[in-house]
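In what follows, every heavy atom counts, from backbone to side chain, and hydrogens, waters and symmetry copies are set aside.
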Amino acid sequence: MGCCFSKRRKSGKESRTEGEEEQPKLYSWDQREKVDPKDYTFSGLKDETVGRLPGKVAGQQFVIQDCENCNIYIFDHSATITIDDCTNCVIFLGPVKGSVFFRNCRDCKCTLACQQFRVRDCRKLEVFLCCATQPIIESSTNIKFGCFQWYYPELAAQFKDAGLSIFNNIWSHVHDFTPVSGELNWSLLPENAVVQDYVPLPTTEEFKAVRISTDPNRSIVPVSRGQRQKYSDESCLVVLFADDYTTANARKLIDEMVGKGFSLVQTKEMSMKTEDAQRVFREKASDFLLLLNKATLGQQTLQEDPWSLTLHLATSTRQSRSLRQTLSQGSKPSH
């Protein structure tokens, strides 16, 4: 007869030499850089100019609270930002991946870009906004909105890092959760409002290194009219199908058309399905179905400039011809 046996394996503790200490296990979260919330908070400041340079926030959450008469500039992308109990402050916020939430603030002027914008228990805010979703106000009065217009070299990359599209901006589609009959708690800033008159550039040496421009023609986000009153019912829809140059082509087309007397009403970046093409292009949809394997960028709606209103019909025909010529030459944007 045979026999079988096994030998007990030594445990880790038994296999270590005498006097050798056990090394603690390292987990992935233990290897992350420690974050100090104080580095991402402005609290209790008065009469100061403060901020963060590009690369100094890098997608973290940020808190601004209990500040008075301050100029605050966040030149970086972040996860979320809350602004509580601030009075008479100027605030610039780079792209925010999630929400920007103002609570109990008054007499503040702001420029910011975010996925979601909310205001509660505030009064007299003036906001130049880029927002991918419908801005929300609640229990607030005298809130005024304009279109985001700002540039510095790092801003385009920060939009991408925050997961925001420069073409998805419904800044003027405001929803008031607490409307008052016969009153309007929000309004739009004048179309010719100059953003630098509301949110001036920083003057401290630290922030002068950021090469900022508030020229609308240089704005990373295309400046649109939104839901302002129409000059006329004449308008056109342009669809650019995605390729490596779609963003550049869209910007060039917008610049050229604005220079020829059009006004930009709204832009939208979206994926277009077959049923979407059939609804938009109707009897010509079959011409575009082969392109729908790619994502589509931009429904740019352009409307005529008020200076052309007196020549509405003739100018409309001439501008449409200019648009067709632009689409067929130059950088040749996708159809």
Please set out all donor-acceptor pairs under 3.5 angstrom arising from side-chain atoms of residues 74-96, sequence neighbours excluded.
residue, atom, partner, partner atom, Å
Asp76, OD2, Gly55, N, 2.9
Asp76, OD2, Lys56, N, 3.1
Asp76, OD2, Val57, N, 2.9
Asp76, OD2, Ala58, N, 2.8
Asp84, OD1, Arg103, NE, 2.7
Asp84, OD1, Arg103, NH2, 3.3
Asp84, OD2, Arg103, NH2, 2.8
Asn88, ND2, Asn69, OD1, 2.5

Can you find a pair of side-chain heavy atoms, one from Leu129 and one from Pro135, that are under 4.5 Å apart?
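Of all side-chain heavy-atom pairs linking Pro135 with Leu129, at least one is under 4.5 Å.
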Which residue in the set Tyr198, Phe145, Phe148 passes ring-ring contact (aromatic ring centres under 6.0 Å, His included) when paired with Phe128?
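Result for ring-ring contact (aromatic ring centres under 6.0 Å, His included) with Phe128: Tyr198.
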First locate atom CG of Asn185, then atom OG1 of Thr178, and finally report the distance between them rounded to the nearest 0.5 Å.
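If I round to the nearest 0.5 Å, the distance is 6.0 Å.
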Which pair of heavy atoms, one from Tyr151 and one from Arg218, lies closest together, and at what distance?
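So the two residues come closest at CE2-NH2, 3.0 Å.
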NZ or CZ of Arg211 within 45° of Tyr152 ring axis and under 6.0 Å:
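Here Arg211 fails the 6.0 Å and 45° test against Tyr152.
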Do the charged groups of Lys109 and Glu126 touch, with an N to O distance under 4.0 Å?
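Yes, charged N to carboxylate O under 4.0 Å.
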Check ring pair (Phe, Tyr, Trp, His ring centres under 6.0 Å) between His173 and all other residues, then give those that pass, not counting sequence neighbours.
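Partners of His173 under the ring pair (Phe, Tyr, Trp, His ring centres under 6.0 Å) test: none.
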The test is ring pair (Phe, Tyr, Trp, His ring centres under 6.0 Å); show your working for Phe62 and Phe42 and say whether it passes.
CA-CA 8 Å; Phe62 212 98; Phe42 292 136; 5.1 Å; yes
The test is side chain to side chain donor-acceptor pair (under 3.5 Å); show your working for Ser140 and Trp186 and say whether it passes.
CA-CA 8 Å; Ser140 300; Trp186 65 274; over 6 Å; no
Contacts of Gln149 that satisfy side chain to side chain donor-acceptor pair (under 3.5 Å) - sequence neighbours left out
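Result, side chain to side chain donor-acceptor pair (under 3.5 Å) vs Gln149: none returned.
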Donor + acceptor pair across side chains of Gln116, Thr133 (<3.5 Å)
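Note: Gln116 and Thr133 side chains miss the donor-acceptor criterion.
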Establish, from distance only, whether the side-chain atoms of Trp150 and Ser213 form a donor-acceptor pair under 3.5 Å.
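No.
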